[in-house]
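From a predicted model like this one, the values you see are computed outputs, not experimental measurements.
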Amino acid sequence: MRNTMPKTVALLAGSALLAAGTAHADRSEWPTNFTVGTASQGGTYFVYGSGWANFIADELGVSGGGEVTGGPTQNLALVHSGDMAFGLTTMGPASDAIKGESPLAPGLVMDNVCALFPMYETPFSIAALSSSGIESISDIPDGARIGFGPAASTSDTYFPAMLETLGVNFDRRNGGWSDLGGQLQDGLLDVVAFAAGIPIPAVSQLEVQTDVNIIEFTEEELATVLDAFPVAEFTIPASTYTTLEEDARAVSMWNFAIAGCDLPEDFIYEVTKATMENNDRMRDVHRSAETSIPENIVHNTVLPFHPGAARWYEENGYDISDDMIK
């Protein structure tokens, strides 16, 4: 006999069975609580990580929360050691950690860190005053004074190496972005190299007061940097700044959520499922979660995925090569 159950009833019944299956899953090996390593209070990592922790705690009925840390590099160490279940990091520090090159623990291969899901990307961009005559990376003169942001930040760690790879010789300066923007305007800096979300307030402010050049990578420079660093191709839309008349080539470094590889597979499966199937809730946590979607797992070329996370992705049609699963 043909099934005459109304479609909506069938869907509700299926959802109820799925929820019941999750609710009655064997949780004997699940942690009773968890902590997410974020960064300094008030920053994107803290807001995103704390909000995500609260969301997962509510969804799975496990106590959890975000904790202030030193940021991406320290989070890798805390997750590897088991001091925290989860953390937020970027691909650069992650690459260093699994090679045993973390500045926090030189020589220690952090192999108990697995990828969970993509968060958002941090663009790398360059600005100079139009009056400087610097219109391209190759125009940057030897010994140029370049501001790279706060000391030990993602920008300060990776942008100098990128520019050195492209043959730029410079005098390195550090500071907050607003301060560096002021120094650029006052002629105390020649260039500022930013790794931060766009539009960068310091650049937008400069545009109001003076003429600014947003410097893009050439296709050759882009290829060189993509080959040498754990970054992805990025386009700065022309609408980002009044100065830009067309889109500009740049690179970005992806941020990923991470977990201890030894956490139970079923637990991580449910964490991944809840996160990836509720992007509207994630966007309520932080607007940058717009890119916290499964299609962006391709931007992790560094860390192995946790088997629990990989299972959810594969069940939902996203391929992960065997060598990228722990």
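Nearest heavy atom pair, residue Arg173 against residue Leu189, reads CG-CD2, 3.6 Å. Of all heavy-atom pairs between Ala250 and Leu222, the closest is O-CD1, 3.4 Å. For the pair Asp111 and Lys326, the tightest heavy-atom approach, listed with the atom from each and the gap, is O-NZ, 2.9 Å. A pairwise comparison of heavy atoms in Ile98 and Val302 identifies CD1-O, 3.2 Å as the closest pair.
In this structure, the separation between CG on Leu129 and CG on Leu206 is 6.5 Å, given to the nearest 0.5 Å. Distance OG1/Thr89 to CG/Leu303: 7.5 Å, rounded to 0.5 Å. How far CE of Met253 is from OG1 of Thr157: 9.0 Å, rounded to the nearest 0.5 Å. Rounding to the nearest 0.5 Å gives a distance of 12.5 Å between CD of Glu221 and CE of Met162. Taking CZ of Phe124 as the start and OG of Ser252 as the end, the distance is 8.0 Å to the nearest 0.5 Å. Rounding to the nearest 0.5 Å places CD of Glu245 at 12.0 Å from CD1 of Ile214.
For the pair Ser132 (side chain) and Ile134 (backbone), a donor-acceptor distance under 3.5 Å is present. For the pair Asp139 (side chain) and Ser136 (backbone), a donor-acceptor distance under 3.5 Å is present. In terms of modelled atom types and a separation under 3.5 Å, the side chain of Asp190 and the main chain of Arg145 share a donor-acceptor contact. Put simply, the side chain of Ser292 gets close to the backbone of Met119: a donor and an acceptor are under 3.5 Å apart. In terms of modelled atom types and a separation under 3.5 Å, the side chain of Ser204 and the main chain of Tyr241 share no donor-acceptor contact. Of the possible polar contacts, none joining the Glu135 side chain to the Asn213 backbone as a donor-acceptor pair under 3.5 Å is found. Side-chain atoms of Asn296 come within 3.5 Å of backbone N or O of Thr291 as a donor-acceptor pair. A distance-only check finds a donor-acceptor pair linking the side chain of Asn75 to the backbone of Gly37 [under 3.5 Å]. Between the side chain of Ser50 and the backbone N or O of Phe46 there is at least one donor-acceptor pair closer than 3.5 Å. Distance alone, capped at 3.5 Å, is enough to place a donor-acceptor pair between the Asn112 side chain and the His80 backbone.
Within 6.0 Å of CG in Asp211 there are 12 or fewer heavy atoms belonging to other residues, nucleotides or ligands. More than 12 heavy atoms of other shown residues, nucleotides or ligands fall within 6.0 angstrom of atom CD in Glu315. Counting non-hydrogen atoms of neighbouring residues, nucleotides and ligands closer than 6.0 angstrom, the CZ atom of Arg172 exceeds 12 such neighbours. Within a 6.0 Å sphere centred on CD of Glu290, heavy atoms belonging to other residues, nucleotides or ligands number 12 at most. Shown here is Glu220, whose CD atom has no more than 12 heavy atoms of other residues, nucleotides or ligands within 6.0 Å. Environment of CG in Asp186: crowded, with over 12 heavy atoms of neighbouring residues, nucleotides or ligands closer than 6.0 Å.
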As a quick check of understanding, evaluate side chain to side chain contact (heavy atoms under 4.5 Å, CB included) for Tyr45 and Thr90, giving each step before the final call. CA-CA 11 Å; Tyr45 262 34; Thr90 48; 3.5 Å; yes

Run Val271 and Leu60 through side chain to side chain contact (heavy atoms under 4.5 Å, CB included) and show every step you take. CA-CA 8 Å; Val271 169; Leu60 302 186; 3.7 Å; yes

Using side chain to side chain contact (heavy atoms under 4.5 Å, CB included), reason through Val231 and Met91 one step at a time and then give a plain yes or no. CA-CA 7 Å; Val231 293; Met91 291 291 96; over 6 Å; no

Quick one: do Phe194 and Trp177 satisfy side chain to side chain contact (heavy atoms under 4.5 Å, CB included)? Show the steps, please. CA-CA 8 Å; Phe194 299 89; Trp177 293 127; 3.3 Å; yes

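Using a 4.0 Å cut-off between charged nitrogen and carboxylate oxygen, Arg249 and Glu216 count as a salt-bridge pair.
With sequence neighbours excluded, no residue satisfies side chain to side chain donor-acceptor pair (under 3.5 Å) with Thr210. In terms of the side chain to side chain donor-acceptor pair (under 3.5 Å) criterion, residue partners of Glu295 (sequence neighbours excluded) are, by chain and number, Tyr318.
Residues Ile126 and Val225 fall within the same hydrophobic cluster, defined by Ile, Leu, Val, Met, Phe, Trp and Tyr side chains chained together at heavy-atom separations under 4.5 Å.
With no hydrogens or angles considered, a side-chain donor-acceptor pair links Glu207 and Thr242 at under 3.5 Å. Between the side chains of Ser153 and Ser155, not a single donor N or O lies within less than 3.5 Å of an accepting N or O. Looking at Glu277 and Trp312, their side chains do bring a donor and an acceptor atom within 3.5 Å of each other. A side-chain donor-acceptor contact under 3.5 Å links Thr122 and Asn255.
Note: Phe159 and Phe148 have tilted aromatic rings, judged against thresholds of 30 and 60 degrees for the angle between ring planes.
Tested against His299 for a ring-ring contact (aromatic ring centres under 6.0 Å, His included), the candidates Phe234, Tyr120, Trp254, Phe117 yield a single pass: Trp254. None of Asn316, Thr272, Asp266 except one satisfies the side chain to side chain donor-acceptor pair (under 3.5 Å) rule with Arg311; the exception is Asp266.
Residues Phe86 and Phe34 bring their aromatic ring centres within 6.0 Å.
At a threshold of 4.5 Å between non-hydrogen side-chain atoms, the residues Phe305 and Asn300 count as touching. Side-chain contact between Pro304 and Ile325: absent, with no pair of heavy atoms (C-beta onward) separated by less than 4.5 Å.
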